[in-house]
Amino acid sequence: MTEAILLVGGKGTRLRPLTVHTPKPMVPAAGVPFLTHQLARARAAGVEHVVLATSYLAEVFEPYFGDGASLGLHLEYVTEVDPLGTGGAIRNVARRLHSGPDEPVLIFNGDILTGLDIPALVDTHRAAGADVSLHLTRVPDPRAFGLVPTDGTGRVTAFLEKPQTPEEIVTDQINAGAYVFRRSVIDAIPAGRPVSVERETFPGLLADGAHLQGMVDSTYWLDLGTPAAFVRGSADLVLGRAPSPAVPGRCGERLVLPTAEVAPDAKLTGGTVIGAGAVIGEGARIAGSTVLDGAVVEPGAVVTDSMIGRGARVGARTVLSGVVVGDGARVGADNELREGARIWCGAEVPDAAIRFSSDA
């Protein structure tokens, strides 16, 4: 049995206002908290024991997932008092692991949606006799990422900062945020202080001659760190482009949760999710978007690639494209908001107040 650590302590600053009241891994994607998809995929890969490294709004996780029995898992929770970074968070939960010194421990970041072949990563780790194995993915434009070149056998040769010039782009391989650690490597991370695995642990291991193995798996991969990416990831789960056994319904153009009310002539497409108790008015058109529990989209509104928070209201004939509306906010009738607009939780936009705007 391989056990796992899930890093779910981040504040999700880039996702605000989605994360004002909800930690990033608990923001709904395809009808359930995003973390549910990660846990379900881990269980499907044979993982039975998962330790959640929590921090921001840590009190939210255990009441929802409990001991993990409903998912076929044994879940434990460890909360950071002070921010410890990725490496520090991993070291902080080591006391809850059951693995022996040479056994593998899976580690996942709580904001990555991926189709990674988890058993293949573990098998690669074991076959290589590695100290750490990293899931690598290839991206068309790696300038926004740290690069991870490997040799002909897949062994990692360097960790390079974000390239600044074309000459510095020596590979299109990047760190995809899933790892297998030899348990003894976790125990060697300094305790009680912030540590970054990306900037300190991995380069230090490489300098000391440790074996770091890369496995390239370029199936579906998406960093859900921005509202646009999160909305896209949820839609891709509903459409079946991103794999998950936790989607509560059949894959298709729409996912309407029980108790939601959708007018017969409303059009829902592109992996749209309508949360429990939400109301969609006559003639509304919603594409590639998520409408969370209890929200209302009034007649004739057009919502594209957007997230409508819990209990929020979108007025009649209002047009939203690439917009986040926070929990409990109200956007009045006959408004038009475009890419990048974020309406804060509880805020109110009067009728016909904004047209062709990109900020609010």
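Numbers for residues simply follow the sequence, beginning at 1. All values reported here derive from a predicted model rather than from experimental measurement.
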- Query: Between E3 and S99, do the side chains contain an N or O donor and an N or O acceptor separated by less than 3.5 Å?
  - Reply: yes
- Is there a donor in the side chain of T79 and an acceptor in the side chain of T54, or the other way round, less than 3.5 Å apart? yes
- Message: Centroid separation under 6.0 Å, is that true for the rings of Y179 and F202?
- Response: yes
- Item | Residue pair M215 / H125, side-chain heavy-atom distance below 4.5 Å | no
- Closest non-hydrogen atom pair between V349 and A353, with its separation: CG1-CB, 4.1 Å
- Query: Within the distance-only criterion (no hydrogens, no angle test), does the side chain of T36 pair as donor or acceptor with the backbone N or O of P33 below 3.5 angstrom?
  - Reply: yes
- Message: Under a 3.5 Å distance rule, please check whether N335 uses its side chain to pair with a backbone N or O of G332 as donor and acceptor.
- Response: yes
- Message: Between D131 (side chain only) and L212 (backbone N and O only), is there a donor and an acceptor less than 3.5 Å apart?
- Response: no
- Query: Does H135 reach the main-chain N or O of N175 with its side chain, forming a donor-acceptor pair under 3.5 Å?
  - Reply: no
- Under 4.5 Å between side-chain heavy atoms, hopping through other hydrophobics if needed: is there a path connecting F34 to L52? no
- Message: Applying side-chain hydrogen bond (donor to acceptor under 3.5 Å, both in side chains) as the test, list every pair that has at least one member in residues 298-309; sequence neighbours left out.
- Response: E298-R313
- Query: Does a donor on one side chain sit under 3.5 Å from an acceptor on the other, for T150 and Q173?
  - Reply: yes
- Message: What's the separation between atom CZ in R138 and atom CG in D217, rounded to the nearest 0.5 Å?
- Response: 10.5 Å
